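Structure first, commentary second.
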Amino acid sequence: MSDLPSEKGAEVGRRIGVGLMYGLWKPRVLGAWRVPASGPVIFAVNHSHNIDGPMVMGVAPRPTHFLIKKEAFIGPLDPFLTRIGQLKVDRETTDRTAITRALGVLESGGVLGIFPEGTRGEGDFASLRAGLAYFAVRGGAPIVPVAVLGSSERSGRLLKGLPPLRSRVDVVFGDPFEAGDGSGRRTRKALDEATERIQKQLAAHLDHARRLTGRRVTGD
């Protein structure tokens, strides 16, 4: 597929993310060894702060193509995000171009990053959209749950709206799991059942991540 997001671009994005995230904050990464070393993978990331995506992009062991709302592609960010292999999606409609490109990432054995809650919120996986189940079942990709904790704890004094400089942000990768029931069905009922299974898995991972890191709620 000629219009696939660039894998090399995503690797450049990962390297930029490494420098920025470790330069500005103190990421503590747990469980990165659980990410399959090759083949299609979906990162399902909780979302409570705007740095969650760049943080995962920078600390993940593989380059990641995130589905990002089209509203973020403004000004110079538009060509930059496209160059580093990120995917623009219109959340107000069925964006077939974004769907095709995201499935292309999985078909080529890449890593697709999704915020399954659809928008920034409490970051507790309480409200999942069906898109994650669709990509997992249709793309035949295991889901790796990713919990980002500490990003929304409090704002810094120097950079308002961002976590305090040099504060700790925990990123916990979970065990990969299959969303489908093994039948390969993609009916509405099958996707609803897959979404329910996914929600239970993601919620369990978030609880585990909070216990592991000593963080009680999304921020801290």
Side-chain angles (χ1 to χ4, degrees), residues 5 10 14 17 27 29-37 39-69 85-87 89 91 98-99 101-103 105-106 109-152 169-181 186 190-210 212-213 215 218:
R14 190 180 76 86
V29 184
L30 302 171
W33 56 270
R34 292 187 170 98
V35 177
V41 174
I42 296 173
F43 287 159
V45 186
N46 68 325
H47 195 22
S48 61
H49 197 285
N50 285 332
I51 73 158
D52 295 340
M55 180 64 69
V56 173
M57 195 186 303
V59 305
R62 294 175 60 185
T64 308
H65 306 272
F66 267 99
L67 277 169
I68 301 173
K69 62 182 181 181
Q86 305 311 296
L87 293 159
V89 61
R91 298 176 302 171
I99 291 171
R101 298 185 77 209
L103 288 173
V105 166
L106 297 176
V111 179
L112 181 66
I114 295 179
F115 299 112
E117 295 159 292
T119 187
R120 183 160 53 91
E122 295 301 315
D124 57 2
F125 292 126
S127 176
L128 261 63
R129 296 190 173 189
L132 175 55
Y134 174 81
F135 285 120
V137 174
R138 176 84 161 74
I143 295 171
V144 171
V146 186
V148 182
L149 302 171
S151 60
S152 60
V169 177
D170 293 319
V171 183
V172 186
F173 293 88
D175 289 317
F177 66 91
E178 300 291 336
D181 59 6
R186 298 200 296 268
L191 291 178
D192 286 345
E193 290 171 353
T195 298
E196 193 172 327
R197 278 192 293 274
I198 291 168
Q199 188 158 28
K200 288 178 181 175
Q201 291 270 16
L202 297 185
H205 172 67
L206 189 57
D207 285 342
H208 167 72
R210 285 171 173 164
L212 188 65
T213 60
R215 295 187 185 272
T218 307

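Because the structure is predicted, anything quoted here is derived from the model rather than measured. Numbers here simply count residues along the sequence, with the first being 1.
Pro142 approaches Glu178 most closely through the heavy-atom pair CB-OE2, 3.8 Å. In plain terms, the two heavy atoms of Leu106 and Gly139 that are nearest each other are CD1-CA, 4.1 Å. The heavy-atom pair separating His65 from Val105 by the smallest distance is CD2-CG1, 3.7 Å. The two residues Val137 and Ala194 come nearest to each other via the heavy atoms CG2-CB, 4.3 Å. Contact between Val171 and Met55 at its shortest, heavy atoms only, is CG2-CG, 3.6 Å. Closest heavy-atom contact between Arg197 and Gly180: NH2-C, 3.5 Å.
With sequence neighbours left out, the side-chain contact (heavy atoms from CB on, under 4.5 Å) criterion links Met57 to Phe66, Ile84, Gln86. Taking the side-chain contact (heavy atoms from CB on, under 4.5 Å) definition, one finds that Ile99 meets it with Thr94, Leu103, Tyr134, Phe135, sequence neighbours left out. Applying the side-chain hydrogen bond (donor to acceptor under 3.5 Å, both in side chains) criterion to Arg14, with sequence neighbours excluded, gives Glu11. Residues passing the salt bridge (Lys or Arg N to Asp or Glu O under 4.0 Å) test with Glu193 are Arg185, Lys189, sequence neighbours excluded.
No side-chain heavy atom of Val148 sits under 4.5 Å from any side-chain heavy atom of His49. Residues Leu149 and Leu206 form a side-chain contact, since some pair of their non-hydrogen atoms from C-beta on lies under 4.5 Å apart. Side-chain contact between Val41 and Pro176: absent, with no pair of heavy atoms (C-beta onward) separated by less than 4.5 Å. Between Pro145 and Gln201, the closest side-chain pair of non-hydrogen atoms is not below 4.5 Å.
Here the CG atom belonging to Leu67 is positioned 10.0 Å from the CZ atom belonging to Arg101, to the nearest 0.5 angstrom.
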Let me check something: any side-chain donor-acceptor pairs from residues 29-37 under 3.5 Å, sequence neighbours excluded? List them with distances.
| unit_1 | atom_1 | unit_2 | atom_2 | d |
| --- | --- | --- | --- | --- |
| Arg34 | NE | Asp175 | OD1 | 2.9 |
| Arg34 | NH1 | Phe173 | O | 3.4 |

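Applying the side chain to side chain contact (heavy atoms under 4.5 Å, CB included) test between Ile114 and each of Ile143, Val89, Leu132 identifies Leu132 as the sole match.
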Using the rule given for side-chain contact (heavy atoms from CB on, under 4.5 Å), can you reason through Leu202 versus Asn46, listing the C-alpha separation, both sets of side-chain angles and the distance that settles it, and then say yes or no?
CA-CA 9 Å; Leu202 297 185; Asn46 68 325; over 6 Å; no
